[in-house]
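Worksheet: the structure to be examined is printed underneath.
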Amino acid sequence: MDLAVIDAPFGQLRLIADRDSLTGIEFLLEPEPARKPATRVLRETAAQLAAYFRNSSHAFDLPVRLEGTPFQLKVWQALCEIPPGDPLTYGQLAKKLATAPRAVGGACGANPIPVIVPCHRVISAAGLGGFMHTRDDGPLNIKSWLLAHERK
């Protein structure tokens, strides 16, 4: 497993790769020492994230390996089809997938590659909803930043 820690406009991200595939992105709520991307996939991920932070319409094209249940994979694929600046509610996405909003929320929370697989684009009908399995300020501030960055 290869790791990198990069800066983001809202803090830091830990990038995780296995061989030639991106397998994880973690939002770091506590500062860590920067760790330069040492592999091709991590360098490309860092470069594409930087491009996204400059321009929210950047289309990611990275080798990823998503591991999850068939349902999670279905939800994560649907997340990738939500355009920047047009978030859906958990209920709207659940209706499209013929499932329940809470199940969609669970799959969003289990997303191993946030930003690339844009789980932040799913919100509650009454506000932001949750993020990173919580409703705490730190994670919700990140979700708010991402949504504001993509707002048209």
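As a basis for the values below, the full set of heavy atoms in this structure was taken, side chains included, without hydrogen atoms, waters or symmetry mates. Position 1 is the first residue of the sequence, and the numbers go up from there.
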How close do [X] and [Y] get, counting heavy atoms only, and between which atoms?
| X | Y | result |
| --- | --- | --- |
| Ser56 | Pro84 | O-CG, 3.7 Å |
| Gly91 | Pro101 | CA-CG, 3.8 Å |
| Gly68 | Leu73 | O-CD1, 3.9 Å |
| Cys108 | Tyr90 | SG-CE2, 4.4 Å |
| Ile123 | Gly127 | CB-O, 3.5 Å |

Apply the test side chain to side chain contact (heavy atoms under 4.5 Å, CB included) to residues Asp18 and Asp2: give CA-CA distance (whole Å), side-chain angles for both, the deciding distance (0.1 Å), then the verdict. CA-CA 6 Å; Asp18 185 17; Asp2 300 305; over 6 Å; no
[X] side-chain N/O to [Y] backbone N/O, donor-acceptor pair under 3.5 Å:
| X | Y | answer |
| --- | --- | --- |
| Arg121 | Ile82 | yes |
| Glu26 | Leu15 | no |
| Gln92 | Thr89 | yes |
| Trp76 | Ala107 | yes |
| Ser21 | Thr23 | no |
| Lys143 | Val122 | yes |

Heavy-atom side-chain proximity of [X] to [Y] below 4.5 angstrom:
| X | Y | answer |
| --- | --- | --- |
| Glu150 | His120 | yes |
| Leu88 | Lys96 | yes |
| Gln72 | Glu67 | no |
| Leu140 | Trp145 | no |
| Phe27 | Pro139 | no |
| Ser144 | Phe131 | no |
| Leu79 | Leu93 | yes |

Stepwise side chain to side chain contact (heavy atoms under 4.5 Å, CB included) test for Arg43 and Lys36: CA-CA 8 Å; Arg43 285 190 298 273; Lys36 287 188 175 187; over 6 Å; no
Once you measure the plane-to-plane angle for Tyr52 and His149, does it fall in the parallel (<30°), tilted (30-60°) or perpendicular (>60°) bin?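 Because their plane-to-plane angle is over 60°, the rings of Tyr52 and His149 count as perpendicular.
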For the atom pair [atom1] ([X]) and [atom2] ([Y]), what is the distance rounded to the nearest 0.5 Å?
| X | Y | atom1 | atom2 | value |
| --- | --- | --- | --- | --- |
| Leu66 | Asn111 | CG | CG | 7.0 Å |
| Arg40 | Thr45 | CZ | OG1 | 9.0 Å |
| Leu146 | Asn141 | CG | CG | 11.0 Å |
| Arg14 | Leu42 | CZ | CG | 12.5 Å |

Around atom CZ of Arg65, are there more than 12 heavy atoms from other residues, nucleotides or ligands closer than 6.0 Å?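 Yes, CZ of Arg65 has more than 12 neighbouring heavy atoms, counting only those of other groups under 6.0 Å.
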Can you confirm whether Glu30 is buried at CD, in the sense that more than 12 heavy atoms of other residues, nucleotides or ligands lie under 6.0 Å from that atom?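 Open: at most 12 neighbouring heavy atoms sit under 6.0 Å from CD of Glu30.
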Is there a path of hydrophobic side-chain contacts, each under 4.5 Å between heavy atoms of I/L/V/M/F/W/Y residues, joining [Y] to [X]?
| X | Y | result |
| --- | --- | --- |
| Leu29 | Ile16 | no |
| Val115 | Val5 | no |
| Leu28 | Ile25 | no |
| Val64 | Val117 | yes |
| Leu3 | Leu22 | no |

Test Cys80 against Phe60 for side chain to side chain contact (heavy atoms under 4.5 Å, CB included), laying out the working first. CA-CA 10 Å; Cys80 292; Phe60 290 101; over 6 Å; no
Tell me if the aromatic rings of His58 and Phe53 count as close, with their centers under 6.0 Å from one another.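 Judged by ring-centre distance (under 6.0 Å), His58 and Phe53 do not meet the cut-off.
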Pick one: which of Leu49, Ile116, Val41, Ile113 meets side-chain contact (heavy atoms from CB on, under 4.5 Å) with Leu62?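 Of Leu49, Ile116, Val41, Ile113, side-chain contact (heavy atoms from CB on, under 4.5 Å) with Leu62 is met by Ile116 alone.
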Assess whether side chain to side chain contact (heavy atoms under 4.5 Å, CB included) is satisfied between Val75 and Phe71, documenting all intermediate values. CA-CA 6 Å; Val75 171; Phe71 176 75; 3.6 Å; yes
